[in-house]
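Right, one structure below, let's go through it.
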Amino acid sequence: MIWNETKECMSRDELEFLQSKRLVKTVDRVYHNVEFYRKKMQQLGIEPGDIKGIEDLHKLPFTTKNDLRDTYPFGLFAVPQSEIIRIHASSGTTGKATVVGYTRRDLDIWSECVARALSQAGVTRGDIIQVAYGYGLFTGGLGAHGGAEKLGAMVVPMSTGNTKKLTTMMKDFGVTAIACTPSYLLHIAEVLEEAGDIPNIQLKAAICGAEPWTDNMRRQIEEQLHIKAFDIYGLSEVMGPGVACDCEYHKGLHVYEDHFLPEIIDPDTLEPMEKGETGELVFTTLTKEGLPLLRYRTKDLTSISYDKCECGRTLARISRFKGRSDDMLIIRGVNVFPSQIEAALLEMGEVTPHYMMIVDRQNNLDTLEIQVEVDERFFSDEIKSLETLSKKIAHVIQNAIGLAVKIKLVAPKTLERSMGKAVHVIDKRKLI
Ligand code: DLL
């Protein structure tokens with residue numbers, strides 16, 4: 001039985017009692033099994049026994065993406081490597097990926113969380129669901145897949161990249177639900193509309209996430225495809241998709257608080273914010289075995305409401321995201337840090353580290369052009385050598401960020417120099 005199928009949630013008191021019990025256990029586990037946390041806690045002068053419940057959460061150290069990078073690849077794992085049965089990875093801030101690992105129980109709980117989200121979106125075992133998030137190191141594809149199987153729906157593991165095949169199968173199989181990024185769903189809707197195929201599909205629900213979107217985008221998707229669309233949130237470090245999802249009232253995303261303890265902090269002072277205020281979302285995992293995290297700074301800006309939802313759920317709700325407190329961009333669902341581009345360019349001799357990323361959206365698909373300044377020593381008017389160079393740069397950057405890019409080479413000293421903090425990104429995408 002999926003807990004949320006019945007909406008019979010615990011009272012807040014029961015939930016907080018469970019969270020406290022699980023927090024104490026998690027702190028004890030990381031203290032004894034992860035050197036990084038033991039050292040951090042010792043520096044702060046805390047022992048596991050000092051943490052008696054969630055009221056002591058603020059005493060614990062924070063964890064950041066850089067901590068995962070510094071302990072790359074497996075340094076924060078809390079179990080022997082033989083107990084890790086799956087690895088995923090997401091972009092690091094520079095060259096190295098952030099690696100996450102799951103035990104069998106972690107994968108079970110992950111599937112249960114995604115199954116809850118799907119069931120919140122009205123998906124049942126009678127549904128046929130196309131999973132059109134990328135499969136592979138990204139958590140979207142396999143994460144959504146596991147949840148859909150747990151629910152007992154029939155899964156069509158599309159992954160990304162072949163929209164024609166996707167729309168054909170959608171019609172032929174009578175697909176009733178889809179999981180993909182909201183911008184990709186808008187693109188799919190456009191392709192279906194152009195082919196006059198909207199009346200020929202059976203789709204009724206979409207579970208979209210992995211990138212920021214708006215209520216207007218949701219309404220456009222719903223009207224164009226005559227379906228209900230839901231917002232699913234998650235991040236690889238904490239688990240993947242299924243940390244939170246909205247319900248039919250769309251008044252915030254219910255956090256699966258029996259597994260993830262949320263807080264909102266001021267990103268500058270790192271102090272907890274007042275209830276309802278907007279700040280940076282921080283999660284402590286409560287049941288994870290492979291990679292338990294204390295106070296992981298997501299860098300996502302939002303607020304939390306603890307009021308009971310109209311749907312009856314007592315779980316806290318996070319509001320739609322208001323941006324990030326760092327410079328990470330999400331392009332076609334892929335997380336990109338400008339520092340990754342810079343690191344890749346610095347490794348090449350022919351160009352300077354002066355660059356500008358221009359992000360746009362055409363036919364609902366994100367595009368990325370990178371303008372790169374050629375080093376004076378290598379600059380020539382010969383078109384052929386410039387073409388070869390731009391192909392080489394495109395290749396190096398694609399390898400670094402996992403995304404196809406268009407390179408525009410510019411003459412030395414043409415990109416504007418900034419007097420203050422360098423501006424490396426022009427984001428022309430407008431979220432409708
Ligand atoms: O994007 C996991 C995921 C896959 C979520 C599929 C939902 C659906 P990462 O690649 O680690 O994991 O990226 C995590 O993506 O910190 C947010 O900035 C952003 N993000 C994820 N879901 C949403 C959403 C996956 N619903 C980062 N709305 C997070 C806005 C989102 N931003």
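Just follow the structure's listing: the first ligand is 1, and inside any ligand the first atom is 1. Since the structure is predicted, the reported quantities are computational estimates derived from the model, not experimental observations.
Annotation: atom 18 (O) of ligand 1 to nearest protein heavy atom, D300 OD1, 2.6 Å. Regarding atom 11 (O) of ligand 1, its nearest protein heavy-atom neighbour is S236 OG, 2.5 Å. Of all protein heavy atoms, the one closest to atom 25 (C) of ligand 1 is G234 O, 3.6 Å. Of the protein's heavy atoms, A210 C, 3.7 Å lies nearest to atom 20 (N) of ligand 1. Atom 13 (O) of ligand 1 has N335 ND2, 3.0 Å as its closest protein atom, hydrogens excluded (heavy atom only).
Side-chain contact check for P338 versus M357: some heavy-atom pair is nearer than 4.5 Å.
Between Y102 and W110, the angle of the ring planes stays under 30°, which puts this pair in the parallel group of the 30/60° scheme.
Under a 4.0 Å N-O distance rule, the pair D28/K25 does not qualify as a salt bridge. D307 and K251 are not joined by a salt bridge, as no carboxylate oxygen comes within less than 4.0 angstrom of a charged side-chain nitrogen.
The minimum heavy-atom distance linking P61 with M41 is given by the pair CD-CG, 4.1 Å.
Listed by atom number, the atoms of ligand 1 under 4.0 Å from R324 heavy atoms are 16 (O), 18 (O). Remark: ligand 1 atoms within the under-4.0 Å shell around heavy atoms of G140 are 4 (C), 6 (C).
Only the backbone of E211 comes within contact range of ligand 1, with a heavy atom under 4.0 Å; no side-chain atom does. When heavy-atom distances to ligand 1 are checked against a 4.0 Å cut-off, F321 comes that close only through its side chain, counted from C-beta outward.
Comparing L137, L235, I330, V100 against atom 15 (O) of ligand 1, the shortest heavy-atom distance belongs to I330.
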With salt bridge (charged side-chain N to carboxylate O under 4.0 Å, His left out) as the criterion, how do E237 and K65 come out once you've worked through the C-alpha distance, each side chain's angles and the decisive distance to 0.1 Å? CA-CA 8 Å; E237 293 85 350; K65 206 180 208 352; 2.7 Å; yes
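With a 6.0 Å cutoff to the six-membered ring centre and a 45° limit on the axis angle, R12 does not count as a cation-pi contact of Y306.
Among the atoms of D231, some N or O lies under 3.5 angstrom from an N or O of ligand 1.
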Under 3.5 Å, side-chain donor or acceptor atoms of residues 167-176 against the rest of the protein: list the pairs with distances, not counting sequence neighbours.
residue : atom : partner : partner atom : Å
T167    : OG1  : T163    : O            : 3.2
T167    : OG1  : K164    : O            : 3.0
T168    : OG1  : K164    : O            : 2.8
K171    : NZ   : D197    : OD2          : 2.9
T176    : OG1  : D127    : OD1          : 2.6
T176    : OG1  : I128    : N            : 2.9
T176    : OG1  : I128    : O            : 3.2

